[in-house]
S.K.: 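One structure, pasted below without further comment.
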Amino acid sequence: MSVIVPAGAGRGPGDPPEPPRQTILFDAVAVAREGRVALDGVTLRLAEARIGIVGLNGSGKSTLLKTIIGLVAPSAGRVTVDGLDPSAQARAVRATTGLLFQNPDNQIVFPIVADDLAFGLKNHGWSKAETRERAQAALARLGIEALAARRIHELSGGEKQLVALAGLLAVAPKTLLFDEPTSQLDLRNRNRLARLMAGLPEQLIVVAHDLDLLADFERVLVLEDGRVVFDGAAAAAIACHRERAG
Amino acid sequence: MIDGIGRSGATPLHRLPTGLKLAALALVATALFFVDRPDVLVGAALVALLGLRSTGRRFREIASDLALPMTVIAALGVVDLVFVDVATAASVVPRLLALAFAAHAVTLTTTTAELTDTFERALGPFERLGLVDAGRASLTLTLALRFVPLIVEEAREIREAQAARGLGSHPIAVIVPLVVRTLVRAQVVADAIDARGFPPPRNSNNAK
Amino acid sequence: MNTRDIGYIALFAALIIALGAVPSFPIAGLPVPITLQSLGVMLAGLVLGPKRGALAPVVVIALVGIGLPVLAGGRGGIGVFVGPTAGFLFGWIPAAFVTGLLAMRLDGPGKGMVARVIGLSIAAILGGIVVLYACGIAWLAFGAKLGLGKAFFGSLAFAPGDVIKAVVAALVTLKVRDAFALERK
């Protein structure tokens, strides 16, 4: 595995990089989507470096991630990300918080790898010169700088996943949200991504059916019908989820 | 991703500015419309063909590039010969051939990147009037290109799945799921674009 | 125009292009090859509505203009714009618009299945055939100087195939809208 270069920049040489973190608050958040309750009175304070979320399909896991970056607005209650409202201040929140979608094919917008990374950087106001540099650096962080000129269409599923992740890292977020990142990967790519995620200094909030991925997380939530039914250490949460799943 | 038809090169037509080539083509197309003399039109078609040949394209390649349009033109010529008269056929056929050759010469010698630049510059005045948003327009074109191979692939998968279930490939049974998946994907892609911070801040074009 | 609209327009344009990859059948002596792309144009109007429906073919035509082989049979480049059948290409825009406008009137909640299929078929026929042919025939007759009579009767040969496409588009739309609720606009 290649060495992971921390995202922190602009500090003195030798200073240990400050780990990027945000505090995400849910205050009695409810979401109703298409006549169905997706989240039902969720109150949480998320500040740990590694947070996992498990639950059956339709339990509200993806909706919870989407409320954090303002893709879904709460029908009641309030979400804040380091004090910012993701619906009203979407631009600011999306600059510090990236979401990796389940299927990288739906996240990659441009036909060429380097152009796709440039898309996110341009959206966040980086200049053309900085864009090239940051895109290269983000690809290098994941050990895929050789893919810069390649066409998305010709990449494997695992490579597309890394390109989508590089697109997020290029913008230097503090928090990364992963929506079932391993569900479309074979075992080798799954293991590669798991090692890579373990090395990321950013704060990670990971929704997964792949419970092994969360085994050494600091905190794991279990969701059921839009409510948090367990919140605690990984081992206990996973055991709780297994029992409830039947 | 789909490759453009045009290639970069060093022939005189390659070196002409894109805007000039497009303007010249529009001018020629308009002018030919008002000419009915067969000798002039045949001359124009020959000049256009020589121009096309000057781009380095061989006659055999030109014939295969333009097989379909030339079939259509030939068919129109036959219709005119049979139902009207020789004079009409003698002006319709060379006029259409001249246009086809000239336009193909421009297409072959202009890359998609050059045309995209010209397209964006042409949009400039409309953008200043607030009629179009060039950023959104070019994102839409890019997205369409990005998703063509995925939709083709999806159509093939659906067809195979239907065949495996013994449904054959009834067009409605294939097109319905294809359209539904396309709409669902459009929503997810739009969410992903928003999540990645689109649209860029207003002044981002000033930063170089 | 929000990002979702961009998504629908772009992906429908991609769908129209993808339908062109399905083999097209140039018939000797007839000036327009039969393709499924015009089915995609009808669907754009019926499913997305007039405005977004018309913008999907605008995207396809823009891609043709920048030299990409996105039309059936791998055709593209501005040669298409000055060819005799260009009217059948540019006509896609008003065709999808009118189809979408009529679909908003003729299809809606509270109507029976048969009434909806008939309404959607009429929308697709008036927009995707009558309006499209009017553009295509006008161009053939005056642009290619073929004469109105011959342009009209020559194009009629394609009408039966296109009526079948219109009915297919109506049936597809009915089922698509059962599975995916989308307001036409």
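Just so we're on the same page: letters track the sequence lines, and every chain starts at 1. Since the model is a prediction, treat every value here as computed from it, not as a measurement.
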S.K.: Could you tell me which portion of C:Ile16 (side chain, backbone, both or neither) has an atom closer than 4.5 angstrom to a non-hydrogen atom of chain B?
M.R.: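 Looking at C:Ile16, nothing touches chain B.
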S.K.: Please determine, among B:Ile193, B:Asp194, B:Val92, the option with the most heavy-atom pairs under 4.5 Å with chain C.
M.R.: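 When all of B:Ile193, B:Asp194, B:Val92 are compared, B:Asp194 has the most.
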S.K.: With sequence neighbours left out, which residue pairs that include part of residues 39-66 of chain C fulfil the salt bridge (charged side-chain N to carboxylate O under 4.0 Å, His left out) condition?
M.R.: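 As it turns out, the salt bridge (charged side-chain N to carboxylate O under 4.0 Å, His left out) pairs with a partner in residues 39-66 of chain C, which skip direct neighbours, are C:Asp5-C:Arg52.
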S.K.: In terms of heavy-atom pairs under 4.5 Å with chain C, which of B:Val176, B:Asp191, B:Leu183, B:Ile172 leads?
M.R.: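 Going by pairs under 4.5 Å, I would pick B:Leu183.
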S.K.: Taking side chain as everything from C-beta outward and backbone as N, CA, C, O, which of these in B:Val106 sits under 4.5 Å from a heavy atom of chain C? Side chain, backbone, both or neither.
M.R.: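 Side chain only.
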S.K.: Are any side-chain N or O atoms of B:Lys21 and backbone N or O atoms of B:Leu13, one a donor and one an acceptor, separated by less than 3.5 Å?
M.R.: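 Such a contact is found between B:Lys21 side chain and B:Leu13 backbone.
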S.K.: Between atom CG of C:Leu55 and atom OH of C:Tyr8, what is the distance when rounded to the nearest 0.5 Å?
M.R.: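 So the CG of C:Leu55 and the OH of C:Tyr8 are separated by 15.0 Å.
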S.K.: Looking at B:Gln162 and B:Ala173, would you say the former's side chain and the latter's main chain have a donor-acceptor pair under 3.5 Å?
M.R.: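 Yes; judged by distance alone, with no hydrogens or angles, the pair exists.
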S.K.: Does any backbone or side-chain atom of B:Ala155 lie under 4.5 Å from a heavy atom of chain C? Answer side chain, backbone, both or neither.
M.R.: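 Contact with chain C is absent: no heavy atom of B:Ala155 under 4.5 Å.
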S.K.: Report yes or no: is the cationic atom of B:Arg185 (NZ for Lys, CZ for Arg) under 6.0 Å from the centre of the six-membered ring of B:Phe147, at an angle within 45° of the ring normal?
M.R.: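 No cation-pi geometry.
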S.K.: Side chain from CB out, backbone as N, CA, C, O: work out which of these in C:Phe81 comes under 4.5 Å of a heavy atom of chain B, or both, or neither.
M.R.: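 Nothing of C:Phe81, per the 4.5 Å heavy-atom cut-off to chain B.
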S.K.: How would you list, in number order, the residues of residues 60-67 of chain C that have a heavy atom less than 4.5 Å from chain B?
M.R.: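 Expected list: C:Ala62, C:Leu63, C:Gly65, C:Ile66, C:Gly67.
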S.K.: If I measure from the heavy atoms of chain C, does B:Asp36 come under 4.5 Å with its side chain, its backbone, both, or neither?
M.R.: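 Side chain only.
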S.K.: Check each atom of B:Val184 against the heavy atoms of chain C and say whether the ones under 4.5 Å are side chain, backbone, both or neither.
M.R.: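 It is both, since atoms from each part get that close.
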S.K.: Where does C:Val58 contact chain B at under 4.5 Å (heavy atoms): side chain, backbone, both or neither?
M.R.: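 Answer is neither: C:Val58 stays 4.5 Å or more from chain B.
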S.K.: Picking from B:Thr118, B:Thr18, B:Leu115, which has the most non-hydrogen pairs under 4.5 angstrom with chain C?
M.R.: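 Heavy-atom pair counts peak at B:Leu115.
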S.K.: Is B:Leu22 close to chain C through its backbone or its side chain, or both, or neither, when contacts mean heavy atoms under 4.5 Å?
M.R.: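 Interface part for B:Leu22: side chain.
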S.K.: Name, in order of residue number, those residues of residues 166-185 of chain C that have a heavy atom at a distance of less than 4.5 Å from a heavy atom in chain B; otherwise write 'none'.
M.R.: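 From residues 166-185 of chain C, the residues near chain B are C:Val168, C:Leu171, C:Val172, C:Lys175, C:Val176, C:Ala179, C:Phe180, C:Leu182.
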S.K.: Quick check for you: among B:Arg95, B:Gln187, B:Glu114, which has the greatest number of heavy-atom pairs under 4.5 Å with chain C?
M.R.: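 Of the candidates given, the most pairs with chain C belong to B:Gln187.
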S.K.: Sort out for me which residue in B:Leu49, B:Leu52, B:Leu99 forms a side-chain contact (heavy atoms from CB on, under 4.5 Å) with B:His104.
M.R.: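 The residue from B:Leu49, B:Leu52, B:Leu99 that satisfies side-chain contact (heavy atoms from CB on, under 4.5 Å) with B:His104 turns out to be B:Leu52.
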S.K.: Do the side chain of C:Gln37 and the main chain of C:Ala72 share a donor and acceptor less than 3.5 angstrom apart?
M.R.: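 Answer holds: yes.
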S.K.: Using the rule given for side chain to side chain donor-acceptor pair (under 3.5 Å), can you reason through B:Thr11 versus B:His14, listing the C-alpha separation, both sets of side-chain angles and the distance that settles it, and then say yes or no?
M.R.: CA-CA 5 Å; B:Thr11 74; B:His14 278 102; 2.7 Å; yes
S.K.: Which atoms of B:Leu25 are under 4.5 Å from chain C, going by heavy atoms: the side chain, the backbone, both sets, or neither?
M.R.: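 Only the side chain of B:Leu25 comes within 4.5 Å of chain C.
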S.K.: What pairs with B:Arg156 under salt bridge (Lys or Arg N to Asp or Glu O under 4.0 Å), at least two apart in sequence or on another chain?
M.R.: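 Checked B:Arg156 against salt bridge (Lys or Arg N to Asp or Glu O under 4.0 Å); matches are B:Glu153, B:Glu160.
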S.K.: Is the backbone N or O of B:Ala10 less than 3.5 Å from a side-chain atom of B:Arg15, with the two atoms forming a donor-acceptor pair by type?
M.R.: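 Pair found, side chain donor or acceptor close to backbone of B:Ala10.
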S.K.: Output the distance between atom CD1 (C:Ile137) and atom OG1 (C:Thr85), rounded to the nearest 0.5 Å.
M.R.: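 Reported to 0.5 Å precision, the distance equals 13.0 Å.
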S.K.: For chain C, which candidate among B:Ile73, B:Thr182, B:Thr88 shows the most heavy-atom pairs at distances under 4.5 Å?
M.R.: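 With the most close heavy-atom pairs to chain C, the winner is B:Thr182.
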S.K.: Would you mind telling me which of B:Ile175, B:Leu141, B:Leu143 has the largest number of heavy-atom pairs within less than 4.5 Å of chain C?
M.R.: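 Top count of heavy-atom pairs under 4.5 Å with chain C: B:Leu141.
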